[in-house]
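Because only heavy atoms are used, hydrogens play no part in the values below, and waters and symmetry mates are left out as well, while side chains stay in.
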Amino acid sequence: MLKLKVNEIEVEVEEGLTVLQACEKAGVEIPRFCYHEKLSIAGNCRMCLVEMEKSPKPIASCAMPAADGMVIKTNTPKIEKSRKGVMEFLLANHPLDCPVCDQGGECDLQDQSMFYGIDKSRFKENKRSVPDKNMGPLIKTQMTRCIHCTRCIRFATEIAGVPELGAIGRGEDMQITTYLEQSIQSELSGNVIDLCPVGALTSKPYVFEARPWELKKTESIDVMDAVGSNIRVDTYGWEVKRILPLINEDINEEWISDKTRYACDGLSNQRLDTPYIKYNGKFEKATWDEVFKIIKSKIKNTSKDKIAGFVGDLANMESSYIFKEFFDRTLDTNNYDCRTSNYYTNINERENYLFNSKINGIEESDLIFLIGTNPRFEATILNARIRKSYVNNLTKILSLSDVGDLTYPYKTLDGKTKTLVDIFEGKSEITKDILNAKKPLIILGESFFKLQSADFLFNLIKNFLTNNKKISESWNSLNKISTDASTVGSLDLKIINEKGNIFENLKANNFEIIYLLGQDNLNFDKKNEFIIYQGSHGDKGAEIADIILPGAAYTEQNGHFTNLEGKIQKAFKASYPPGEAKEDWQIINELAEFMNNRKLFNDKDELESSMFNYINLQQENRVLSDQGTASKNFAESENLTVTYKEYYFSNVIARSSKTMLDCNNSKLETKKTGTDG
């Protein structure tokens, strides 16, 4: 530990920290524009100047390593004068357009010029003008405001892994720009808006929408993928205006994906706001009583074996649990599932379907093996962690199949299941790499579990890792990437048809009633089935439905979600469902009462406590999975091709979002010009 003095306060800091970090440890605030703790040090705004004993000039505290015996002063007249001078330089070309700037009210330059600035300028020259740049459908540019902190360049290069931003020119002529005037091809590009300390980069879809002090802020959880990023939902009245990241170092650090940030405009499009009944192929509005009567008579006249239910990808755990209880207790059948096809799922042990190494454990890994996954599109924030691990530790990364650009280099194998068997039976060079690695990560994607031989291969991999002590209390190398927000929670609640014949019966049209709880991704040919769809948007599920029950979106109800590493988090209600729509758990509770004159649960608290008791009981009762399985399941000739949902259209909210459509079109346009050029 190093000892130094900051404003006469003695402080101890670890070796490798900068003077700025030492000052913060001593409780002294240092102004800065270019410094950011997650980015490399640039040292080019000079706002963080401090005085150091025996130094003739002020030093840039962000770039100076702390040393033993340093004496630092941060509030001397010399430093105050230096900061005022720096601020005067920064404002020399900055336009005075705060009243019309979207950054107004949450702008670092505004705040710091009030505190450290001066009330007049000695510059008499004309302010320079910089043309705006095209950065795609998400980022609005006003580059005359830019103060050249280079945060956006460093983020794009270091975190996002798309070095498409850079500076051209020198001095007065310096400009931040994209190469070839194309939109930034990254799923994390929106984070540069949060990083920009002035109004040079602002949100294009949010332009002139609201001021920060007019918005109601609600902390919540993202449902666009299974990572469970922590977010803040900002509402104006009851309309969701924007979504921003919350800092959670274990999960999303302080980044969120573009889909998380911008798909929120889909919350107000194509909404279901009243119950509907289909007559002669056309939907007609109905009352709750009318739809409940029809559902009751249909269920009463149908054998329980002919009724099935499917839980969708955005359902919270409370809704999923009461849906299961409705089937178990009211309908007395377990024909329900949370999957869209009969891919291999082993729920005997919780570790079989979790990302066991944890998201922040990726940074400790020294070898990563991707099998049947494209983390860039299936779990964007997790992919950013893999890149971080590569950048910081030069982690060796392998992929069984070629999945395109992942923003970091990786070695590609031939994509054959035979290769996997050779590796995990010890017949390959890669076996030695896995055995020699201290903390290897084997990451299995959903495409892997869709293989015919997934059962055999999964047990082979698990046995190999267990026998070679790569699965232990301190480290578990076995990881599964789930792609939907509800998947892990639904598996914890055992919403799965373990016999597996539910999908055969669905395909053979053996069911008479199908209840879809927000399930829009089920592929089957409808014949005479009576379909009840409960959800928030008029999407694929509503199209084939006979009765529509309008539910709530994730921002319109309190609910728990379990992310891919098994962490339970709560999403809080930020607004209300539109029209006559109700919260999902409430609809099922009222339907049960209508059928049996008895509610399943008296209130939400009772539902929650019952759900958590059930989860705890399940975890205590889990039996050890069978080690190994019959080799007849192994299909030698299989090729593992990675398939995943279209990134910008992966769920009902994203498909209803105009911004996501613009992003997709921009991506196609860039591909087209890229190949033509």
Side-chain angles (χ1 to χ4, degrees), residues 36-39 138 155-162 184-195 219-233 243-264 313-314 354-365 368 370 373-392 395 397 403 405-408 441 443 445-446 479-488 554 561-569 571 644-645 647-648 650-651 653-654 660 663:
H36 190 279
E37 57 193 15
K38 291 277 189 288
L39 305 173
L138 304 180
F155 174 82
T157 308
E158 295 161 18
I159 310 288
V162 286
I184 303 172
Q185 291 307 303
S186 168
E187 296 69 44
L188 294 166
S189 65
N191 291 294
V192 299
I193 294 161
D194 296 336
L195 286 172
E219 297 187 358
S220 193
I221 302 300
D222 169 48
V223 299
M224 294 294 139
D225 55 29
V227 173
S229 302
N230 288 205
I231 57 171
R232 191 184 91 193
V233 181
I243 285 175
L244 297 175
L246 284 179
I247 296 174
N248 184 328
E249 292 297 339
D250 289 340
I251 298 173
N252 58 308
E253 298 182 286
E254 55 190 271
W255 322 120
I256 51 173
S257 70
D258 290 348
K259 187 162 55 171
T260 301
R261 187 185 295 269
Y262 288 113
C264 60
D313 52 344
L314 304 181
L354 293 185
F355 196 91
N356 295 294
S357 307
K358 309 290 180 200
I359 295 169
N360 60 2
I362 292 170
E363 293 178 44
E364 300 171 38
S365 174
I368 298 171
L370 305 171
T373 181
N374 181 330
R376 181 172 177 178
F377 298 118
E378 291 180 343
T380 307
I381 296 298
L382 187 140
N383 193 62
R385 285 283 183 145
I386 298 176
R387 175 172 168 77
K388 187 179 179 185
S389 179
Y390 170 76
V391 170
N392 294 344
T395 308
I397 303 167
V403 287
D405 181 16
L406 292 177
T407 72
Y408 43 80
L441 279 185
I443 301 179
E446 289 197 349
N479 297 286
K480 180 189 174 184
I481 288 188
S482 300
T483 56
D484 297 332
S486 67
T487 302
V488 175
Y554 76 104
F561 290 90
T562 304
N563 76 343
L564 49 76
E565 61 181 10
K567 191 172 282 180
I568 297 180
Q569 303 178 103
Y644 47 88
K645 289 181 254 187
Y647 181 73
Y648 292 112
S650 60
N651 57 52
I653 298 171
M660 291 296 99
C663 286

What's the spacing between [X] [atom1] and [Y] [atom2] if we round to 0.5 Å?
{"X": "S186", "Y": "R376", "atom1": "OG", "atom2": "CZ", "answer": "6.0 Å"}
{"X": "I359", "Y": "E253", "atom1": "CD1", "atom2": "CD", "answer": "10.0 Å"}
{"X": "N392", "Y": "E363", "atom1": "CG", "atom2": "CD", "answer": "7.0 Å"}
{"X": "Y262", "Y": "S189", "atom1": "OH", "atom2": "OG", "answer": "7.0 Å"}

Side-chain contact test, heavy atoms from C-beta onward, threshold under 4.5 Å: evaluate it for [X] versus [Y] and give yes or no.
{"X": "L188", "Y": "F155", "value": "yes"}
{"X": "Q185", "Y": "D405", "value": "no"}
{"X": "I386", "Y": "I397", "value": "yes"}
{"X": "Y408", "Y": "N383", "value": "yes"}
{"X": "T380", "Y": "Y647", "value": "yes"}
{"X": "S357", "Y": "I362", "value": "no"}
{"X": "L382", "Y": "L564", "value": "yes"}
{"X": "W255", "Y": "K38", "value": "yes"}

With sequence neighbours excluded, what pairs up with L244 under the side chain to side chain contact (heavy atoms under 4.5 Å, CB included) test?
-> D194, R232, D234, R242, R261
Qualifying residues under salt bridge (charged side-chain N to carboxylate O under 4.0 Å, His left out), relative to [X], sequence neighbours excluded:
{"X": "D225", "answer": "none"}
{"X": "E158", "answer": "none"}
{"X": "K358", "answer": "none"}

Who pairs with S365 by side-chain hydrogen bond (donor to acceptor under 3.5 Å, both in side chains), at least two apart in sequence or on another chain?
-> none
Listed partners of T483 passing side-chain hydrogen bond (donor to acceptor under 3.5 Å, both in side chains), at least two apart | E446
Is any NZ, NE, NH1 or NH2 atom of the basic residue among E187 and K259 found under 4.0 Å from an Asp or Glu carboxylate oxygen of the other?
-> no
Reference residue I256; test side-chain contact (heavy atoms from CB on, under 4.5 Å); the match among N230, V227, I243 | I243
Are the side chain of [X] and the backbone N or O of [Y] linked by a donor-acceptor pair below 3.5 Å?
{"X": "N479", "Y": "N356", "value": "yes"}
{"X": "N651", "Y": "I653", "value": "yes"}
{"X": "N563", "Y": "K567", "value": "yes"}

Return yes if a side-chain donor-acceptor contact under 3.5 Å exists between S389 and T395, otherwise no.
-> yes
